[in-house]
Amino acid sequence: MIPSKMAIVRLLVCFVLYASLGHVPSSLGVILRTTDKIVWVNEFEPIELTCLIESISTNNPRIEWKKIKSGIPSYVYFQNKITGDLEHRAQLREPANILIFNASRSDTAEYRCEVAAIEDQRDFDEILISLAVRVKPVVPRCSIPESVTVGTSTELRCLENEGFPASQYHWFYNNEELPRDPKSSPRFVNFSYIINPDTGSLKFRRVKKEDAAEYYCQARNDAGYAQCSPQMMEVCDVDILGIFFKSFGGVTVAVCVFALIYSIGRLRFHNKTNNGNNYNWSPRNGAVDYGDADEGHFRHKSSFII
Ligand SMILES: *[C@@H]1O[C@H](CO)[C@@H](O)[C@H](O)[C@H]1NC(C)=O
Ligand SMILES: *[C@@H]1O[C@H](CO)[C@@H](O)[C@H](O)[C@H]1NC(C)=O
């Protein structure tokens with residue numbers, strides 16, 4: 001009957017599919033496997049890249065390892081020897097694993113294990129493993145203004161470039177870690193700042209008296225952390241006259257005196273060149289120079305670099 005013929009054909013098709021999908025006895029060829037295709041390790045720690053031989057019938061297969069960095073392959077295991085970048089820093093372990101004794105950041109790359117078994121029907125297999133070496137952050141460079149004026153905006157910055165993966169930045173206010181969102185914590189609910197943990201920026205749109213504190217920043221990643229030393233940020237009132245009198249003998253006085261002399265000079269110059277007619281000099285022109293020497297501006301710009 002036709003239906004039973006159809007059934008036989010279906011069975012045959014199933015068997016062929018089954019066989020072609022690799023469910024045949026595997027002794028016909030070399031097959032590799034690894035425990036991890038993506039491997040992370042901290043710098044200066046040992047790491048083993050696994051290349052397990054699932055099946056093989058050849059007795060002495062040829063084993064090779066290549067390192068592929070920026071698309072360029074180089075040998076790290078060739079003719080039964082560790083060579084190239086890993087020379088004296090690694091060894092081959094049964095069956096075809098590579099053990100790196102002390103990972104270095106330059107080991108971040110892809111590694112390919114290749115096994116050739118000439119006596120096998122399927123006589124070659126390879127497996128690709130990507131290795132990423134975590135690097136601890138170094139001490140970040142922190143830029144914290146020594147002094148800012150109430151109501152002005154200011155930005156504290158923090159950066160380091162060694163950490164891998166890239167560091168996340170955390171700011172500390174008098175040794176207390178500032179939460180990412182001040183509204184999330186009862187302690188800092190009345191604070192208003194913006195932290196960008198990726199760039200290391202801590203921004204104040206309008207500085208308040210309470211923002212005066214000792215600040216430091218910590219750069220963190222999965223390999224560790226590093227921090228800069230604390231630096232005091234003072235918050236001054238807008239009382240320029242007060243500041244002027246408080247800091248006699250300082251830079252302020254010098255700058256102000258210079259600005260005064262300069263604008264008197266300008267006034268005289270203008271009077272001469274204008275020669276009485278077309279007299280359009282206004283006191284506001286002179287005031288601009290005072291503005292540049294203004295205490296708030298001057299101190300605000302000076303930052304403390306560690
Ligand atoms: C690993 O290498 C670094 C620098 O190359 C060295 O300082 C460190 O002592 C080594 N660690 C071990 C466990 O050998
Ligand atoms: C925050 O401000 C409110 C209103 O000014 C005040 O009642 C509260 O005590 C403040 N909270 C803290 C933790 O300072």
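Read the numbers this way: they start at 1 and go in the same order the structure lists the ligands and their atoms. As the structure is a prediction and not an experimental result, all values here were calculated from the model.
Near P186, the atoms of ligand 2 lying under 4.0 angstrom from a non-hydrogen atom of the residue are 13 (C). Using a 4.0 Å cut-off to heavy atoms of N190, the atoms of ligand 2 that qualify are 1 (C), 2 (O), 3 (C), 8 (C), 10 (C), 11 (N), 12 (C), 14 (O).
Every pair passing ring-ring contact (aromatic ring centres under 6.0 Å, His included) that includes a residue from residues 167-186 is listed here, sequence neighbours excluded: F172-Y216, Y173-F188, Y173-F191, Y173-Y215.
When only modelled atom types and interatomic distance are considered, N102 and E45 share no side-chain donor-acceptor pair under 3.5 Å.
When the shell of 6.0 Å around CD of E94 is examined, it contains 12 or fewer heavy atoms from other residues, nucleotides or ligands.
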Would Y75 and W65 count as a side-chain contact (heavy atoms from CB on, under 4.5 Å) here? Give the steps.
CA-CA 6 Å; Y75 276 111; W65 276 89; over 6 Å; no
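Ion pairing between a basic and an acidic side chain is recognised when a charged N comes within 4.0 Å of a carboxylate O; R134 and E43 show no such pairing.
By the SG-distance test at 2.5 Å, no disulfide connects C142 to C158.
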Nitrogen or oxygen contacts under 3.5 Å, ligand 1 side and protein side:
unit_1	atom_1	unit_2	atom_2	d
ligand 1	2 (O)	N102	ND2	2.3
ligand 1	11 (N)	N102	ND2	2.8
ligand 1	14 (O)	N102	ND2	3.3

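Between D85 and K67, the closest heavy-atom pair is OD2-NZ, 2.8 Å.
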